[in-house]
Amino acid sequence: MNTTVIENQSQLQLRETDPPMAISDSVNQPSAEPIAISLTQLNRGQSATFHRADLRCEDCDMLNAMGMTDRCQLKICKIGDPWIVQVKSTRIGLAKSLAQRIFVLPPMLRP
Amino acid sequence: MTRLNSDSATAVREAAQKRPAHLHENRELRVGLFGNPNTGKTTLFNRLCGLRAKTANFPGVTAEARVGHCASERHTPVAFEIIDLPGIYRLTLEVPESRVCRDIVQGSALYQRPDAVLIVVDATNLPRNLLLVGELLAQGLPTVVALNMIDLAQRRGLTIDAAELSRQIGCPVIPTMARKGTGVAEIKSALIGAVTDCTTSREAAEEHSSLESLAAIASNPARLEEWADRAVAASVGGTDAVGEASDTVTERLDKAFTHPVLGLLIFAGVMAGLFTVIFQMATIPMDFIESLFGALGNWVSTTLPPGAINDLLAQGVIGGVGATVVFLPQICLLFFLISLLEDTGYLARAAFVMDRIMCRFGLPGQAFVPLLSSHACALPGIMSAKLIPDRHDRLATILVAPFMSCSARVPVYVLLTSLLFRDRPWLAGLAFFGCYLLGAAAGLISAFIARRTILRGRSRPMVLELPSYKMPALRTALWATLDRGLVFLKNAGTIILAISVVLWWLSAYPHTDPPQEAVQMRHQASEVMPTDPQAAKALNVQANRLEASNATRESYAGRLGRIIQPVFAPLGYDWQLTVGVLTSFAAREVFVATMSILLTGDEDADVSEDSGLIDRIRGATRDDGTTPVFTAATSASVLVFFVLAMQCLSTLVVTRRETGSWKWAGLQLGYMSVLAWVAAFITYQGLTLMGVS
């Protein structure tokens, strides 16, 4: 898989209300790599791969213990405060301020 | 992970040296019950121990655990002591619950190491649950895994080979359905087997990954995850099969329950409904208890010879305790309904609804649980605030927790709302709910002030697992109710009994001579008795009133109340109410018993009518003999005072312990007392100005 493209651009439209933080984070990344975006930029029903969380250590540890581990798949069940994501069979509720700081890799296009 | 890294190898070595553990005839097998939150751990604990359990706090920490006892059903029964530990995701997390579990499983600090470990895992979420299993197995104790909710996993299309899973992880795995009690006997047998045949789990573990390597695996998150995934893949047929089903009903309910407006309306509706049900349904058992204690008091007073012992038993003991125990049905109903709600999975959603509100007041989302617990009792509420990681968040939560209306306030609320709204139960229910709202609002506003003055800083964002919606388990709710009810009764039988006896003594002694006016009335009554028995009876009743009023006024309690009464005069309180308020600083629920003792010495006044406690208190008058002790304005004023005042010595002691300083306890007492006085003053004066009397 030499080229990775976002599967469906229309599904990943950024909402105007979202902060530009995630976009600026992704600017300098190589184009061959999927772009990490904030969890809050996904729509309901979309799946993505957990990338990183810019949070305090304790919050990161808690998310990790709940199953949000490196490269795990998560699905957006509900948008808006709280964001609800499903990781395997665990549903996790996230306050908006927390969800904004979680970065995910959107699904990639098949070659 | 640091702690396990450094200690794990030593712990495993020590454990290996200590083993094999033996079952002693005269010693219970001590079993630590571990598991992730929402795995049915407490349901299984209840199935194992039933009524033989009690709630306990660990020394030096705030986490609460239940300790229960049970025995195996074998030919030679083995006794177990089961410790239901707080639900944790991982042993290595730096949160208080994990710290307690870690200390216990390692036998460090004040804790005795258990003989065996029982881990409850959710069969529908094995990969995550097995991470904790791996960490606990690395501790080297005989371990049994209860594979709970196996029926739910089957319904989701999962097939779990328990034998293969057992082989993979190196310890017995027992499929269970805690709600139905399936697998409980097998767990006991497996625990005995694991302790007796100590090589079983060790050999099995060494076959796949030795104890030493398990310790190494547990200390490396990536390897631990691999270990768990491998076990799942071998026993479940692939991790992809776990929990893929999307649940549209769950998503719709989540959307409604966490909606900013609808969610709040639902929450308000649920809470209002809850308290209305409590108010309506508790009447019948309350009436029964009241008449039971009334009959018992009458029996004692007529059976025993007149004198101090008779008075002490009939009025001090039976009267005082009965006046508090009468509220047991309401307290039981409250806990029963809250337990049912919690079991449905709704409360986790409500936490987010409340988080949006609490964040605006500078409180973290995690404060919801301590504050909700404080509605039962401020003590566990304050103690569970230790679970809040940030110190300022924690202090703010502790300071405002006593504002939440605890169960000790319930009897006072019932009395006062009943006095305010006679024969209008819906209004009484509304006022009752209003008390809870007022307490919560005062707590939030106080937190807002504290976070902008003495405890500056931002609160931490909320993250919470949302459990599946399910039908609540009646058995679990009943056990929770029984547990809390017994705690309340224990209080009634110890602290409240002691305070009731002291109060009775203060209000009954010293004996004083009857007033001259009463003597004259009795004389007149004896004179008119042959010609007009009715008039004689009326004169005697009046004489009784005068004597009772005089005796109370001249008692120690009356003297103390009169000294302090000027402080409470602007709130509309006479000396009797002042005594009631003062004695409530030891424990709020004592107020009802105090009022009962102080105001119902006039025994004959209502003898031909319904002599219910509320009616008797409603009919009580001040020293002038005409003004009711409880006017509408006074009742409202007392109600507001009790909602806001810090009247619990135990709470102050716990606040001191949890904050490490008397400064915060003193601040809590001072701030709440002043606020209560001011609010009660405004209420009384405002209502009086409006012509409400």
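In the text below, chain A, chain B and the rest are named by the order of the sequence lines, each starting its count at 1.
Once rounded to the nearest 0.5 Å, the distance linking OG of A:Ser89 with CG of B:Leu152 reads 9.0 Å. Between B:Glu251 atom CD and A:Ile76 atom CD1 the span is 11.0 Å, to the nearest 0.5 Å. Atom NZ in A:Lys78 sits 14.0 Å away from atom OG1 in B:Thr250 (nearest 0.5 Å). Annotation: the span from B:Leu93 atom CG to A:Glu58 atom CD amounts to 10.5 Å, rounded to 0.5 Å. For the atom pair A:Lys96 NZ and B:Arg356 CZ, the distance stands at 11.0 Å (nearest 0.5 Å). For the atom pair B:Glu94 CD and A:Met62 CE, the distance stands at 11.0 Å (nearest 0.5 Å).
Only the side chain of A:Ile84 comes within less than 4.5 Å of a heavy atom of chain B; its backbone N, CA, C and O stay farther away. For chain B, no part of A:Leu55 is nearby; none of its heavy atoms comes within less than 4.5 Å.
Counting all heavy atoms, side chain and backbone alike, A:Leu63 lies closest to B:Val463 at CD2-CG2, 3.7 Å. A pairwise comparison of heavy atoms in B:Met462 and A:Leu98 identifies O-CD2, 4.4 Å as the closest pair. Across B:Tyr89 and A:Ala65, no two heavy atoms sit closer than the pair CB-CB, 3.6 Å.
Considering only residues two or more places apart in sequence or on other chains, B:Lys41 meets the salt bridge (Lys or Arg N to Asp or Glu O under 4.0 Å) condition with B:Asp84. Not counting sequence neighbours, the partners of B:Glu465 by the salt bridge (Lys or Arg N to Asp or Glu O under 4.0 Å) test are B:Arg128.
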Stepwise, does the salt bridge (charged side-chain N to carboxylate O under 4.0 Å, His left out) test hold for B:Arg90 with A:Asp61?
CA-CA 9 Å; B:Arg90 298 284 288 274; A:Asp61 287 346; over 6 Å; no
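Formation of a donor-acceptor pair under 3.5 Å by the B:Thr258 side chain with backbone atoms of A:Pro82 is not found in this model.
Ranked by heavy-atom pairs under 4.5 Å with chain B, the first of A:Cys77, A:Gly80, A:Ala99 is A:Cys77.
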